[in-house]
Amino acid sequence: MRFSIFLPILSFSFFLISCNGQSTKNDLSGLLLLGSLGIQSNTTLEDRFQTAQVTTFYRKDGIFQFQDILIEYKLKNPKENSETVEAFFGNPNDITYSSLTNKISGHITQKEDLYQTNSVVFSYSDFTKKFKVFLTVKKDGKILSLREFTTTPPSPPNIPPNSITLPPISYENNRSLIGGTEYQVIRVKFQAGSDLSAYKKLDAYIGRPSIITMAADNYNVINYISASSYNESLNYFLFLTPELNASYKIIVVGSTTDAKGNRSVDTVPPPPPPSPCAGSVNAPTTIGNCSEHCLVVDLVGNQMQYTAKTTIGTNTEEYLSLDADNTTPSGGTGPTNYSWIEFFSPIAAGEYQTDIRSFDVTAYNNQCIVISSYLVQDGPGGFKDNYIMGKVNVP
């Protein structure tokens, strides 16, 4: 009687083990073990799937590379409301299904087709690994139907080989005041006359020279600060940075339909603008030629003083105008008032000068002062004028 009860079980177990390619001796040992333990296996699995397939896709997000595993299926008949379709995902050597317990173990994760899309998707951060997937129909936690798959890692898209050489690149930079802030403006250009019509991608990346680098695929750039696309109308890549004295490495990446390449250039910061007091002289000094037209500057204690002078050699001049003015190096209002003299015929030969202007150098905050004078003469010899200007250091 007992043998008759276990005969169907032993026959099915023998079929399972034989399908696995084990020896008859091992088959019989397994049967005897099952019989001695009195454990009944599940023989109720049915094939509820009309079709089922697994496809892997390569995905890149920044410098990270993933594989997306898509399981798609169709059922032979609509599932009942209490039934679910679930997929189990794991390493091939770890994940297993036990027909004895009707359970899957060793899986990394499981996911249900919750929104009835006839698909389940898993993502993994290593696109080179193989996985085993079990697709199941379950009811009340019991597996009714099962399909097993072993995935094939996706192949990355064909990134073009480094078989092209980008045209030579160069850069120019300068300082520019934009919206009240001074920026270092960097323009990266291709060599004049370069044919760029075949390029599908032209991007430039800026970064610290010791940090920015090409990724392992020699196509993407990592550890960069910012990127810029090629402006075809202006014919350059543009970068703005408030770091006026910083050096950068700029990597340009380009690709055609079937090839890629890159070039890089290291920049040096633009020179600072010349000092507004460049060319200044110390007082006392004379600017111009006093036999014709000059500015005389003196320093008496803390007082700097100056006057404009001219010399008239004849008694025939009909009009004379002479002034003296001052500004800060940036063109702002200077520390003293404007001085001006004017004469009409008859004008005697001799020396003429404006009133002396002076200021306290300890109350003046700029490094230098700009002093200027304008002379106008008119007479039988015709109209003539002369403008002189000089910068004087303020101690």
Side-chain angles (χ1 to χ4, degrees), residues 61-64 166-192 194 196 199 201-215 219-254 262-281 304 325-336 338 359-372 389-395:
D61 185 358
I63 64 173
F64 301 102
L166 265 66
I169 59 174
S170 61
Y171 78 94
E172 57 186 39
N173 59 358
N174 63 280
R175 296 184 180 202
S176 181
L177 194 64
I178 303 174
T181 301
E182 191 172 16
Y183 289 89
Q184 181 182 167
V185 182
I186 306 173
R187 297 175 178 85
V188 179
K189 300 181 178 182
F190 289 105
Q191 186 178 60
S194 298
L196 306 175
Y199 289 92
K201 170 187 170 81
L202 281 173
D203 294 318
Y205 303 83
I206 188 171
R208 307 295 182 199
S210 60
I211 299 177
I212 186 174
T213 186
M214 298 296 298
Y219 186 66
N220 291 278
V221 179
I222 57 177
N223 298 328
Y224 61 90
I225 297 173
S226 64
S228 173
S229 295
Y230 186 66
N231 190 316
E232 294 184 359
S233 61
L234 299 177
N235 297 321
Y236 56 69
F237 302 97
L238 177 65
F239 295 100
L240 300 178
T241 169
E243 298 179 330
L244 302 176
N245 300 310
S247 298
Y248 297 99
K249 178 183 286 293
I250 298 174
I251 300 176
V252 175
V253 176
N262 62 79
R263 280 189 181 272
S264 66
V265 62
D266 292 318
T267 73
V268 296
S275 168
C277 290
S280 296
V281 297
M304 182 173 286
D325 201 5
N326 66 102
T327 67
T328 65
S330 60
T333 302
T336 70
Y338 175 73
F359 64 94
D360 186 349
V361 297
T362 63
Y364 181 74
N365 297 322
N366 292 277
Q367 180 183 347
C368 66
I369 185 171
V370 179
I371 304 173
S372 61
M389 182 271 293
K391 300 175 185 178
V392 181
N393 291 321
V394 178

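A quick note: this is a predicted structure, and the numbers were derived from the prediction, not measured.
For the 3.5 Å distance criterion, the side chains of Gln184 and Tyr248 fail to qualify, holding no donor opposite an acceptor. The closest side-chain donor-acceptor pair between Asp203 and Ser229 falls under 3.5 angstrom.
Considering every non-hydrogen atom in both Phe239 and Ala204, the closest pair reads CZ-O, 3.6 Å. In this structure, Pro242 and Tyr183 approach most closely via the heavy-atom pair N-CD2, 3.8 Å. Annotation for Ser275 and Gln367: closest pair OG-OE1, 4.4 Å, computed over non-hydrogen atoms.
The structure places CD of Glu243 at 6.5 Å from CD1 of Ile225, a figure rounded to the nearest 0.5 Å. The distance from atom SG of Cys277 to atom CG of Asn366, rounded to the nearest 0.5 Å, is 7.0 Å. A distance of 9.0 Å separates OG of Ser194 from CG of Leu166, quoted to the nearest 0.5 Å. To the nearest 0.5 Å, atom OG1 of residue Thr181 and atom CG of residue Leu240 are 11.0 Å apart. Taking SG from Cys368 and CG from Asn393, the interatomic distance works out to 6.5 Å, rounded to the nearest 0.5 Å. Atom-to-atom distance recorded for Ile250:CD1 and Tyr224:OH is 14.5 Å, nearest 0.5 angstrom.
Using a 4.5 Å heavy-atom threshold, the side chains of Asn235 and Lys189 count as separate. Counting heavy atoms from C-beta outward, Val185 and Arg175 have side chains that stay 4.5 Å or more apart. Inter-residue side-chain proximity for Ile186 and Ile206 is flagged as met; some heavy-atom pair is nearer than 4.5 Å. Between Pro269 and Thr267, the closest side-chain pair of non-hydrogen atoms is not below 4.5 Å. Taking 4.5 Å as the limit, every side-chain heavy atom of Asn231 sits out of range of all side-chain heavy atoms of Phe237. Looking only at side-chain heavy atoms (C-beta outward), Tyr199 and Pro167 come within less than 4.5 Å of each other. Between Val188 and Ser170 the shortest side-chain heavy-atom distance does not fall below 4.5 Å. When side chains are defined from C-beta on, Tyr338 does not count as touching Asn326, because their heavy atoms never get closer than 4.5 Å.
Looking only at distances, a side-chain donor or acceptor of Thr328 sits under 3.5 Å from a matching main-chain atom of Gly332. Although no hydrogens or angles enter the test, the distance criterion places a donor-acceptor pair under 3.5 Å between the side chain of Asn173 and the main chain of Val268.
Judged by a 6.0 Å distance limit and a 45° cone about the ring axis, Lys201 is positioned over the six-membered ring of Tyr219.
Under the rule for a side-chain contact (heavy atoms from CB on, under 4.5 Å), the partners of Thr213 that lie at least two apart in sequence or sit in another chain are Ile222, Asn223.
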| query | Stepwise, does the side chain to side chain contact (heavy atoms under 4.5 Å, CB included) test hold for Asp325 with Ile371? | reply | CA-CA 6 Å; Asp325 201 5; Ile371 304 173; over 6 Å; no
| For Ile369 and Lys391, what are the C-alpha separation, side-chain angles and deciding distance, and is it a side chain to side chain contact (heavy atoms under 4.5 Å, CB included)? | CA-CA 6 Å; Ile369 185 171; Lys391 300 175 185 178; over 6 Å; no
| task | Output, in order, the C-alpha distance, side-chain angles, deciding distance and verdict of side chain to side chain contact (heavy atoms under 4.5 Å, CB included) for Met214 and Val253. | result | CA-CA 10 Å; Met214 298 296 298; Val253 176; 4.1 Å; yes
| Stepwise, does the side chain to side chain contact (heavy atoms under 4.5 Å, CB included) test hold for Arg263 with Ile251? | CA-CA 6 Å; Arg263 280 189 181 272; Ile251 300 176; over 6 Å; no
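The local environment of CG in Asp266 is crowded, with over 12 non-hydrogen atoms from other residues, nucleotides or ligands closer than 6.0 Å. Heavy atoms from other residues, nucleotides or ligands lying under 6.0 Å from CZ of Phe190 number more than 12.
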